[in-house]
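This report concerns only the one structure given below.
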Amino acid sequence: MNSLSTRDYIVFLIYFVIVASYGLWVYRRKKQATTSTKDYFLAEGSLTWWAIGASLIASNISAEQFVAMSGNGFTMGLAISTYEWMAALTLIIVAVFFIPVYLKNKIFTMPQFLHQRYNSTVAMIMAVFWLLLYVIVNLTSILYLGAIAIHGISGVDFSVCIGLLALFAVIITLGGMKVIGYTDVIQVFFLILGGLVTTYIAVTAVAAHYGKTGITDGLSLLYHQANDHFHMILKKDNPSYGDLPGLTVLIGGMWIVNLNYWGCNQYITQRALGANLKTARGGILFAAFLKLLMPLIVVLPGIAAYVLYKQNVFDALNTASITSNHDNAYPVLLNLLPTGIKGLSFAALTAAVVASLAGKANSIATIFTLDIYKKKINPEATDKKLVTVGKITVVVAMILGVVISPFLGIDKKGGFQFIQEYTGFVSPGIFAMFILGFFWKKASSNAALFATIGGFAFSVFFKFLPKIADLSFLSSTGFSFKNADSGLYEIPFLDRMGFVFAICIIGMVIISLADYAKGKKTNGLEIDAKMFKTSNSFAVGALIVCGILVALYSFFW
C-alpha cells in the first residue's frame, strides 16, 4: 500500500492550518451575526462575487469528479467532460433567468419556493425527499469516494478516512455560510493548483515514457496514443454510448441534468440567494469560467492514466487496482507524483471533498431547520434557537453519512455515472415542476404532485421496461442500445430523463388546465421582464464562455 512521506504530510498540514485559521478568523469576525438565520444559512449580503463563484465550484467539485469522473476519463475519455462544459452554459442560463426569480420573490430555500408557488403539501413532500436524497445518496457518496481516494493515496484505514473527512467538514460547516463561502476560496485555490500540478506531471510522465519531454509533447502523445478518448460525441458502437448517447449530450437529457442541478438545487443556489442580483450573477459567471477549466484537472489525468496503464507503467498492485475498479485510476496516478507535490495534490483532493461535504451539510441543515422544524415542529422558535437546531442537524447528518457510506454500492459504471443515473430518477419531475412554476401562472399544485410522484414512477418504469418488452425496434432511432452484459436493448438514462420530462410537462399542462377550468386558483410569482436584463460586462463574459464552448466542441467533435 502506498503512503505519504513526511514532506507530504507537512504540505497537507500547511493547507489544513491555513483553512482552519482563516475559517476561525471569519467566524470570530462575524460572530455577532450568527444569531440571524439568514446570515447563518445564507451569509446574507456578505459574500462577494468571487466568493460566490469559488464556493459554487468548491461545493460542486468533489471526489465525485476527482475520483469518479477521472475514472470515466480512463474508460470513455474526454466525452465525460460534457457534464462540465455544458454546466458552464447552464450557469449562464441560471444567472439570467432563474436567480432573478428567486431574488425578486425573496426565495431562500427550494421548499419555500414550492410552498409559495404551489402549496404546503408539495413543499413538505419535497423537503423530506431532498433531505433523504442529500443524506443517503449525496453525502454518503462524497464520503465513500473521498475515503477511497485518500485511503489509496495515504494507506490510512478506510473507516478512519471517512471519520476524518466528516470531522473536518463539520468544523467548517458549524461556522455557517460565511465561513463556508470564504474558506471555499482557499479550497478552490488548492483544488485548482494541486489539480493542475497533477495534470502537468501526469502528461509529462506520458511524454517521458516515450522519450520526450514537456507538456506539449505529452499532450500530443496523449492525443495520438488514445485518439478514441478525444471525441465529445460518441457513436452508437462505442461501449459508453449508454452513458453518453450521441447528440443527447447537446440537445437532450443533459440539459435536464444540468438545469435541475444548477437551478433547482438548494445545495447550489444557496450560495447566491443571500446576495444582490449583480453580485450573484457575477459569481455565477465566474463559476462558469472555472467550469471550462475543470476537465483539465479531473478528466485529462484519467486519460493519462489510461495511456500509462496500456504501456504497463504501473506496478502489479496498482494495475490490479485499476483493473478491478476504474475509479482507482486517479489515486494510483497520484502515487507517481514526487514527494511534496503528492502532498499538494492530496490537499487539493481533500479540499474538494471537504468543501463539498460542508456545502451539502449546510443545505441539509437549512432545509430541515427552515422548512420542517420552523414550520411544523416549533413555529415560535427564535433565530438563536434555529441556528442551534441547524448546527445539531449538521452533526446528525454527518453521523448518518459516516454510518451509511461504508455500505454504499457503486456499480461498475463508476461512481460518477452511478450518481447521475440514480439522481436522474427524480430530476425530470422536479425540473418540470420548477420550470412551469417559474413561467406559467396556470401550473397547479395537483400538477406539481403529479410531476413529483409520476416523474419518479415513470423513471422506474423506463428503467425496468427492457425486462418486459423488446426495445430493439428503437435501435434505428438512436434511443436504444444493446447492453453487452444483459443482452437487452435499453434506453440510455439521459434519453429516459428526456422522455420522463416530456411526460411530466404534458401531464402538468393537462392537469393544470383541468384545474383552471374548475376555477381553482394558483399562486403566481412576481415576474418582471426587466429583471432578466443583464449588464454589458455580464453579456460580454457570457459571449466569451459560449465562444470557447463552440470552439471546444468543434475541435473535439
> For the ring pair F438 and Y102, is the centre-to-centre distance below 6.0 Å?
Replying inline: yes
> Which residues pass the ring pair (Phe, Tyr, Trp, His ring centres under 6.0 Å) test with Y309, sequence neighbours left out?
Replying inline: F74
> Which atoms form the tightest heavy-atom contact between T213 and A207, and what is the distance?
Replying inline: N-CB, 4.2 Å
> Heavy-atom distance under 4.5 Å between the side chains of F493 and K463, does that happen here?
Replying inline: no
> Got a sec, which residues hit side-chain hydrogen bond (donor to acceptor under 3.5 Å, both in side chains) with Y15, two or more places apart in sequence or on another chain?
Replying inline: Q187
> Is there a donor-acceptor pair closer than 3.5 Å between any side-chain N or O of S405 and the backbone N or O of T140?
Replying inline: no
> Does F450 have any ring pair (Phe, Tyr, Trp, His ring centres under 6.0 Å) partners at least two apart in sequence or in another chain, and if so, which?
Replying inline: none
> Which residues pass the salt bridge (charged side-chain N to carboxylate O under 4.0 Å, His left out) test with K533, sequence neighbours left out?
Replying inline: none
>> Would the distance check show the side chain of S81 and the main-chain N or O of P295 forming a donor-acceptor pair, the cut-off being under 3.5 Å?
In response: no
>> Treating H224 as the side-chain partner and S220 as the backbone partner, does any N or O pair qualify as donor plus acceptor under 3.5 Å?
In response: yes
>> Strictly by salt bridge (charged side-chain N to carboxylate O under 4.0 Å, His left out), give each pair with a member in residues 292-301 just once, sequence neighbours left out.
In response: none
> Can you check whether P428 reaches I503 side chain to side chain, under 4.5 Å on heavy atoms?
Replying inline: no
>> Taking atom NZ as the centre, does K236 end up with more than 12 heavy-atom neighbours from other residues, nucleotides or ligands that are less than 6.0 angstrom away?
In response: yes
>> Could you measure the distance from the CG atom of L78 to the CG atom of D228? Nearest 0.5 Å is fine.
In response: 11.5 Å
> Just by distance, with hydrogens left out, do Y83 and N72 show a side-chain donor and acceptor under 3.5 Å apart?
Replying inline: no
>> By the definition ring pair (Phe, Tyr, Trp, His ring centres under 6.0 Å), identify the one residue from F538, F289, F286 that meets it with W49.
In response: F286
> Are the side chains of V307 and H209 in touch, meaning some heavy atoms are under 4.5 Å apart?
Replying inline: no
>> Working to the nearest 0.5 angstrom, can you tell me the gap between L133 CG and I430 CD1?
In response: 7.0 Å
>> Classify the ring geometry of F532 against F97: parallel below 30°, tilted from 30° to 60°, perpendicular beyond 60°.
In response: tilted
>> Within this structure, what is the SG-CH2 distance for the pair C264 and W130, rounded to the nearest 0.5 Å?
In response: 7.5 Å
> Taking the inter-plane angle between the rings of F434 and F113 on a 0 to 90° scale, is it parallel (under 30°), tilted (30 to 60°) or perpendicular (over 60°)?
Replying inline: parallel
>> Let's go through W440 and V509 carefully: what are the C-alpha distance in whole Å and the side-chain angles of both, what is the deciding distance for side-chain contact (heavy atoms from CB on, under 4.5 Å) to 0.1 Å, and is it a yes or a no?
In response: CA-CA 10 Å; W440 193 44; V509 170; 4.2 Å; yes
>> Using the rule given for side-chain contact (heavy atoms from CB on, under 4.5 Å), can you reason through W255 versus N260, listing the C-alpha separation, both sets of side-chain angles and the distance that settles it, and then say yes or no?
In response: CA-CA 8 Å; W255 284 106; N260 178 71; over 6 Å; no
>> Strictly by salt bridge (charged side-chain N to carboxylate O under 4.0 Å, His left out), give each pair with a member in residues 89-100 just once, sequence neighbours left out.
In response: none
>> Can you list everything that forms a side-chain hydrogen bond (donor to acceptor under 3.5 Å, both in side chains) with S537? Sequence neighbours excluded, please.
In response: S535
>> If you compare all heavy atoms of M497 against all heavy atoms of V257, which two are closest, and at what distance to 0.1 Å?
In response: CE-CG2, 3.4 Å
> Is there a side-chain contact between Y489 and P466 (heavy atoms, below 4.5 Å)?
Replying inline: no
>> Test: salt bridge (charged side-chain N to carboxylate O under 4.0 Å, His left out). Region: residues 492-501. Which pairs qualify, not counting sequence neighbours?
In response: E421-R496
> Who passes side-chain hydrogen bond (donor to acceptor under 3.5 Å, both in side chains) against T82, sequence neighbours left out?
Replying inline: Y553
> So do K360 and V135 actually touch side chain to side chain, heavy atoms under 4.5 Å?
Replying inline: no
>> Taking side-chain hydrogen bond (donor to acceptor under 3.5 Å, both in side chains) as the definition, give me every residue that meets it alongside T350, ordered by chain and number, with sequence neighbours left out.
In response: none
>> I'd like to know whether F129 forms a side-chain contact (heavy atoms from CB on, under 4.5 Å) with T452, so could you lay out the CA-CA distance, the side-chain angles of the two residues, the decisive distance to 0.1 Å, and finally the verdict.
In response: CA-CA 10 Å; F129 163 76; T452 302; over 6 Å; no
> What heavy-atom pair brings M86 and N258 nearest, and what distance separates the two atoms?
Replying inline: CB-ND2, 3.8 Å
>> For a side-chain contact (heavy atoms from CB on, under 4.5 Å) check, start with the C-alpha distance between T248 and M254, then their side-chain angles and the critical distance, and finish with the verdict.
In response: CA-CA 7 Å; T248 294; M254 185 62 71; 5.7 Å; no
> Hey, does D243 have a side-chain heavy atom less than 4.5 Å from the side chain of M76?
Replying inline: yes
> What pair of heavy atoms forms the shortest contact from G429 to C504, and how long is it?
Replying inline: CA-SG, 3.9 Å
> Just by distance, do the side chain of T204 and the backbone of Y200 share a donor-acceptor pair under 3.5 Å?
Replying inline: yes
> So with a 6.0 Å cut-off around NZ of K530, is the heavy-atom count from everything else above 12?
Replying inline: no
> Any donor and acceptor pair, going by atom type alone, linking the side chain of W262 with main-chain N or O of L91 inside 3.5 Å?
Replying inline: no
> Do Y306 and Q225 have a side chain donor and acceptor closer than 3.5 Å?
Replying inline: no
> How long is the gap from CG on L300 to CG on L219, to the nearest 0.5 Å?
Replying inline: 6.0 Å
>> With rounding to the nearest 0.5 angstrom, report the CG to OG distance, N138 to S363.
In response: 10.0 Å
> Which heavy atom of A539 sits nearest a heavy atom of T534, and at what distance?
Replying inline: CB-OG1, 4.1 Å
>> Suppose we screen for ring pair (Phe, Tyr, Trp, His ring centres under 6.0 Å). Which residues come up paired with F458, at least two apart in sequence or across chains?
In response: none
> Are N276 and T279 linked by a side-chain donor-acceptor pair shorter than 3.5 Å?
Replying inline: yes
> Where is the tightest heavy-atom contact between P100 and L277, given as atom of each residue plus distance?
Replying inline: CG-CD1, 3.8 Å
>> According to side chain to side chain contact (heavy atoms under 4.5 Å, CB included), who are the partners of N227, at least two apart in sequence or on a separate chain?
In response: Y223, H231
>> Distance check, rounded to the nearest 0.5 Å: S356 atom OG versus I142 atom CD1?
In response: 3.5 Å
>> Quick check: do L221 and Y210 have side-chain heavy atoms less than 4.5 Å from each other?
In response: yes
>> Can you confirm whether L549 sits close enough to L292 that some side-chain heavy atom of one is under 4.5 Å from a side-chain heavy atom of the other?
In response: yes
